[in-house]
Enquirer: 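Dropping a structure here in structure tokens format, bear with me for questions.
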Number of protein chains: 2
Amino acid sequence: MKKTKDILENNGINPSYQRLIIYKYLKENQIHPSIDRIYNDLKNTNPTLSKTTVYNTVKLFCEKDLLLRLHCDDKQMRYDINTHDHMHFKCTKCGKLYDINLENNLFDYDYIDNHKINYVHIGLKGICKNCLSDKKD
Amino acid sequence: MKKTKDILENNGINPSYQRLIIYKYLKENQIHPSIDRIYNDLKNTNPTLSKTTVYNTVKLFCEKDLLLRLHCDDKQMRYDINTHDHMHFKCTKCGKLYDINLENNLFDYDYIDNHKINYVHIGLKGICKNCLSDKKD
DNA sequence: TTGCATAACTGTAAAAATTACAAAAATATT
DNA sequence: AATATTTTTGTAATTTTTACAGTTATGCAA
């Protein structure tokens, strides 16, 4: 288990107290949280934390490729610390967001139409298994 | 060539003047425009058009599946009238958004992990061919 | 045609998310 | 210890989107 401090330092990030607790929160709560969610969950134990710091820190993590920006269909941006290849499934009924593993390398193109491909995101939408089993309508 | 009026009516939309010009604009300008772009381009010829009407109309088209909401990495939502299966490629250098055709049916799963799949979006990022050929740095 | 009911449009105001910024606090350096 | 640099904080400003209420347009019956 790598130390959070080392992870940040290896990625060129000065491991301040706020950066450490935010990174740890993201690792321990892989729920694709929004800024607001991160802020509200952390301010209980860290009353002096500022929402601007959360914005700044999350932006920094994204720039260093430690964190991924996730567009749900919500208004708020959400963030994903899971760095393994995976897809996202959003239930259009209950709104829950699921991680789906990418077994086979569906996408290992280096180039498509002469564009260099660096990153692929696959987003799925539909009705999740829980909503399907609720045969209430 | 189908008449815009018929397309709207066939989808249960009352073809008002504003809805017609907005639909025609989207068909003739497949540039994934934002609300702002649509509004600004149309208000030249339609000075009384309200931005709220653009919001309302675009929302209606999306609900009727005539139009797709597209999350770029910009702040503004963008909209896509191209209803054929295709992917999107965003150049992280110049910011341009390209349509990429989906030749093979990469994704024809009905269910994954017992979730019913209704819609798939594949988003690619990288450096586009134009930026690649600009060997200026 | 006239009057009435419904639908659509408009513009302003409000809400929500994000960014800018400057002062304060913490940390590092000389 | 004094100074310089980095980080954090809180407020204000900006931006996008939504709510809403009044106005205008449209459809329909008498």
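Chain letters run A, B, ... following the sequence lines, proteins first and then strands; every chain starts at 1. Heavy-atom basis, side chains included; hydrogens, waters and symmetry copies ignored.
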Enquirer: At less than 4.0 Å, is any side-chain N or O atom of B:Ser16 found next to OP1 or OP2 of C:dC9? Yes or no.
Expert: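 Yes, because at least one side-chain N or O of B:Ser16 sits under 4.0 Å from OP1 or OP2 of C:dC9.
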Enquirer: Listed by chain and number, what are the side chain to side chain donor-acceptor pair (under 3.5 Å) partners of B:Asp113, not counting sequence neighbours?
Expert: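 Residues passing side chain to side chain donor-acceptor pair (under 3.5 Å) with B:Asp113: none at all.
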Enquirer: Which nucleotide sits closest to the side chain of B:Ser50: D:dT8, C:dA17, C:dT10?
Expert: C:dT10
Enquirer: Looking at D:dC20, D:dG10, C:dT19, which one has an atom nearest to any side-chain atom of B:Thr52?
Expert: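 Closest nucleotide among those given: D:dC20.
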Enquirer: Taking only side-chain nitrogens and oxygens of A:Tyr55, does any of them come within less than 4.0 Å of OP1 or OP2 of C:dT18?
Expert: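 For A:Tyr55, the contact criterion (side-chain N or O under 4.0 Å from OP1 or OP2 of C:dT18) is met.
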Enquirer: Is the phosphate of D:dT9, meaning OP1 or OP2, less than 4.0 Å from a side-chain N or O of A:Gln18?
Expert: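 So the side-chain polar atoms of A:Gln18 do come within 4.0 Å of the phosphate oxygens OP1 or OP2 of D:dT9, strictly under.
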Enquirer: Distance only, no hydrogens: is a donor on one side chain within 3.5 Å (strictly under) of an acceptor on the other, for B:His88 and B:His121?
Expert: yes
Enquirer: State whether a side-chain donor-acceptor pair under 3.5 Å links A:Asn82 with A:His32.
Expert: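 No, A:His32 and A:Asn82 have no side-chain donor paired with an acceptor closer than 3.5 Å.
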Enquirer: Rounding to an integer number of Å, can you tell me how far A:Lys43 NZ sits from D:dG10 C1'?
Expert: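 Atom-to-atom, A:Lys43 to D:dG10, this comes out as 14 Å.
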Enquirer: Check this one for me: any side-chain N or O of B:Asn14 less than 4.0 Å away from OP1 or OP2 of D:dT26?
Expert: no
Enquirer: Let me know the distance between CG of B:Asn40 and P of D:dT16, rounded to the nearest Å.
Expert: 11 Å
Enquirer: Want to settle it: does A:Arg69 or B:Arg19 sit nearer the 5' end of DNA chain C, counting the closest nucleotide to each?
Expert: B:Arg19
Enquirer: Rounding to an integer number of Å, can you tell me how far A:Leu49 CG sits from D:dG10 C1'?
Expert: 12 Å
Enquirer: What's the CE-P distance between A:Met77 and D:dT16, to the nearest Å?
Expert: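 Going from A:Met77 (CE) to D:dT16 (P), I get 13 Å.
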Enquirer: Specify the separation, in whole Å, of atom NZ of A:Lys51 and atom C1' of C:dT18.
Expert: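 About 10 Å, once rounded to whole Å.
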Enquirer: For the side chain of B:Thr53, counting heavy atoms from C-beta on, which of D:dT9, C:dC9, C:dA17 is nearest?
Expert: C:dC9
Enquirer: Measure from the side chain of B:Gln76, starting at C-beta and using heavy atoms only, and say which of D:dT6, D:dT16, C:dT18 lies closest.
Expert: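 Closest of the options to the side chain of B:Gln76: D:dT16.
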Enquirer: Side chain to side chain donor-acceptor pair (under 3.5 Å) between A:Asp73 and B:His71: does it pass, once the steps are laid out?
Expert: CA-CA 8 Å; A:Asp73 253 347; B:His71 296 275; 2.7 Å; yes
Enquirer: Contact class for B:Thr48 (heavy atom, under 4.0 Å): base, sugar-phosphate, or nothing?
Expert: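 Counting heavy atoms under 4.0 Å across all strands, the contact made by B:Thr48 is with sugar-phosphate only.
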Enquirer: Under 4.0 Å between a Lys/Arg side-chain N and an Asp/Glu carboxylate O for A:Lys51 and A:Asp36?
Expert: yes
